[in-house]
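The basis for the numbers below is simple: all heavy atoms, side chains too, and nothing from hydrogens, waters or symmetry mates.
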Amino acid sequence: MLTVSYDGTSYNGWALQSSTPNTVEGRLNDAILALTGESVQVIGASRTDAGVHAYGNVAVFDTKSTIPGDRFLFALNQKLPEDIRITQSKEVSVNFHPRHCNTEKTYEYRICNTQIPDPTRRLYTCHFGMPLDEKLMDEAAQYLMGEHDFTSFCNVESQALSHVRAIKNITVKRDFDEVVISITGNGFLYNMVRIIAGTLMQIGRGKGKPSDIKEMLEKKDRAAAGPTAPASGLFLMKYVFVDGIPEPE
């Protein structure tokens, strides 16, 4: 199992695509092939979109290599581009699948709330030039707490069988000129966090009131919620495997 940190700016998302090899998953596969001589396809816990960043995505793969599990990170990092790094590696049970277990995921969405865009933060925040009321945003966010049908906050191209998800915690806080949305849940739909961010920004600038979120949820209609915020502000922060990670037998 690999814990993977990456700057998603230059990549077409996590998932390997037939149209382009320039994905995080593709780079990991190439690095493992270069290291072990084995052609493998890693299984990622989260398929982040193009331009989305991560501190703690998780991937697993099978190997016959004799390299100790906790040493794989050092060897693979020598084969990876500098905008992808393995921060932890460990041997796990052959039956472990990161998408088929009880997890909690935490994302952050970072907004640069300045009149003029900051060029040094353009790749890692969403710029929003009008004043934002983070207290209104936080009040609105609390209506998302708990288990709901999040159809209104999901890309219409989603292929998920169910749009019911549970948000365990959500906060909106200001850190000087940055507004940070932090959200933890048991799973997220296609573009869900970015649509939540776009909706909260609209409320934070005075378009609508916090209680409007309740009506958006009830309508179960993508058109009822706000715009999809840019990918650059989104970070996958961490995964928690609630039931633990099974050790190798």
Side-chain angles (χ1 to χ4, degrees), residues 2-17 19-31 42 44-59 73 76-88 105-132 134 137 141 153 155 157 170-184 188-202 204-205 226-239:
L2 308 174
T3 302
V4 191
S5 177
Y6 49 89
D7 176 344
T9 303
S10 301
Y11 297 99
N12 293 308
W14 169 275
L16 192 65
Q17 304 170 40
S19 58
T20 174
N22 193 32
T23 64
V24 178
E25 186 177 64
R27 297 302 182 194
L28 288 172
N29 292 342
D30 291 345
V42 300
S46 182
R47 298 173 180 176
T48 53
D49 295 336
V52 175
H53 316 293
Y55 286 109
N57 208 343
V58 171
L73 72 102
L76 282 178
N77 282 338
Q78 299 300 312
K79 308 293 183 181
L80 286 166
E82 62 183 2
D83 51 6
I84 302 175
R85 280 294 173 264
I86 312 300
T87 59
Q88 184 180 28
K105 307 171 189 178
T106 298
Y107 284 90
E108 279 189 3
Y109 195 86
R110 302 174 183 177
I111 305 156
C112 181
N113 192 207
T114 57
Q115 186 176 23
I116 304 301
D118 180 348
T120 68
R121 287 183 280 175
R122 73 192 189 282
L123 303 178
Y124 309 107
T125 60
C126 161
H127 176 255
F128 198 89
M130 289 172 283
L132 287 172
E134 70 277 6
M137 293 170 69
F153 295 89
N155 188 300
E157 296 182 4
I170 182 168
T171 61
V172 183
K173 296 181 180 179
R174 178 176 290 276
D175 183 11
F176 297 101
D177 59 6
E178 277 193 18
V179 176
V180 181
I181 302 167
S182 179
I183 181 169
T184 299
F188 294 90
L189 299 163
Y190 184 21
N191 286 166
M192 179 174 160
V193 178
R194 290 167 59 190
I195 295 169
I196 288 173
T199 303
L200 294 180
M201 281 190 275
Q202 291 296 299
R205 63 171 285 201
T228 304
S232 57
L234 185 58
F235 288 76
L236 173 57
M237 301 301 291
K238 67 177 180 179
Y239 262 82

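With sequence neighbours left out, Phe128 forms a ring-ring contact (aromatic ring centres under 6.0 Å, His included) with no residue at all. Residues meeting the side-chain contact (heavy atoms from CB on, under 4.5 Å) test with Ala45, sequence neighbours left out: Asn57, Val58, Pro98, Tyr239. For Asn77, the side-chain contact (heavy atoms from CB on, under 4.5 Å) partners at least two apart in sequence or on another chain are Leu73, Leu80, Arg85, Ile86. Contacts of Glu108 classified as side-chain contact (heavy atoms from CB on, under 4.5 Å), with partners at least two apart in sequence or in another chain: Arg110, Val180, Ser182, Met237. For Ser232, the side-chain contact (heavy atoms from CB on, under 4.5 Å) partners two or more places apart in sequence, or in a different chain, are Pro230. Partners of Tyr55 under the ring-ring contact (aromatic ring centres under 6.0 Å, His included) rule, at least two apart in sequence or in another chain, are Phe235.
A salt bridge links Arg121 with Asp177; the closest basic N to acidic carboxylate O contact falls under 4.0 Å.
The two residues Ser46 and Leu236 make their nearest non-hydrogen contact at CB-CD2, 3.9 Å. Between Val52 and Leu234 the shortest heavy-atom distance is CG1-O, 3.5 Å. Taking all atoms of both residues into account, the shortest heavy-atom contact from Gly56 to Thr3 is CA-CG2, 4.0 Å. The shortest heavy-atom contact between Ala15 and Thr23 is O-CG2, 3.1 Å. Residues Cys112 and Thr125 come closest through the heavy atom pair CB-OG1, 3.4 Å. In this structure, Gly44 and Glu25 approach most closely via the heavy-atom pair N-OE2, 4.5 Å.
Annotation: side chain of Trp14 is in contact with side chain of Leu28 (closest heavy-atom distance under 4.5 Å).
To the nearest 0.5 Å, atoms CG (Leu123) and NE2 (His53) are separated by 6.5 Å.
Checked against a 6.0 Å centroid threshold, the rings of Tyr6 and Tyr11 do not count as neighbours.
In the model, Tyr190 has no side-chain atom that pairs as donor or acceptor with a side-chain atom of Asp49 under 3.5 Å.
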